[in-house]
Amino acid sequence: ADVLERLPAGGPATQAGWAAVDAHERLSDWARANQTAARLLQKSPPTNPDYLRLLHQRMADNFSRLGQKLAAVESWQK
């Protein structure tokens, strides 16, 4: 996520954000993965609609794992 903050918005920042979300999920750090995904959405969201939907789906799954059902439903609806 630190790399995401240092990069200008665009392709490299989006790729760095995805890599950070992947890394946090591999460590089962769902909250940190969602924090990084939220920063990614603010700074440099995926331009491909399929990837944007996938990012929201991953966030919803992470919220669900954390027991945050309302947040999960809101993410699934995006």
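Remember, predicted model here, so these are calculated numbers, not experimental data.
Rounded to the nearest 0.5 angstrom, Asn48 CG and Arg53 CZ are separated by 9.0 Å. Atoms CE and NE2, on Met59 and His56 in that order, are 7.0 Å from each other to the nearest 0.5 Å. How far NZ of Lys69 is from CZ of Phe63: 12.5 Å, rounded to the nearest 0.5 Å. In this structure, CG on Asp61 lies 9.0 Å from CG on Leu54, to the nearest 0.5 angstrom. Leu40 contributes atom CG, which lies 5.5 Å from atom CG of Leu55 (distance to the nearest 0.5 angstrom).
A salt bridge is defined here as a Lys NZ or Arg NE, NH1 or NH2 lying under 4.0 Å from an Asp or Glu carboxylate O, and Asp22 with Arg58 meets this definition.
Considering every non-hydrogen atom in both Glu5 and Lys43, the closest pair reads O-NZ, 2.9 Å. When all heavy atoms of Val21 and Ala37 are compared, the closest pair comes out as CG2-N, 3.8 Å. Taking all atoms of both residues into account, the shortest heavy-atom contact from Trp30 to Glu25 is CZ3-O, 3.5 Å. Nearest heavy-atom pair across Asn62 and Ala33 is ND2-CB, 3.7 Å. The minimum heavy-atom distance between Ser44 and Thr14, with the atom names listed, is OG-OG1, 2.7 Å. Closest heavy-atom contact between Ala72 and Ser64: CB-N, 3.8 Å.
Thr47 has its side chain out of reach of Leu52: every pair of non-hydrogen atoms, C-beta onward, lies at least 4.5 Å apart. Taking the side chain as every heavy atom from C-beta outward, Pro46 and Trp18 approach each other to under 4.5 Å. No side-chain heavy atom of Gln68 sits under 4.5 Å from any side-chain heavy atom of Asn34.
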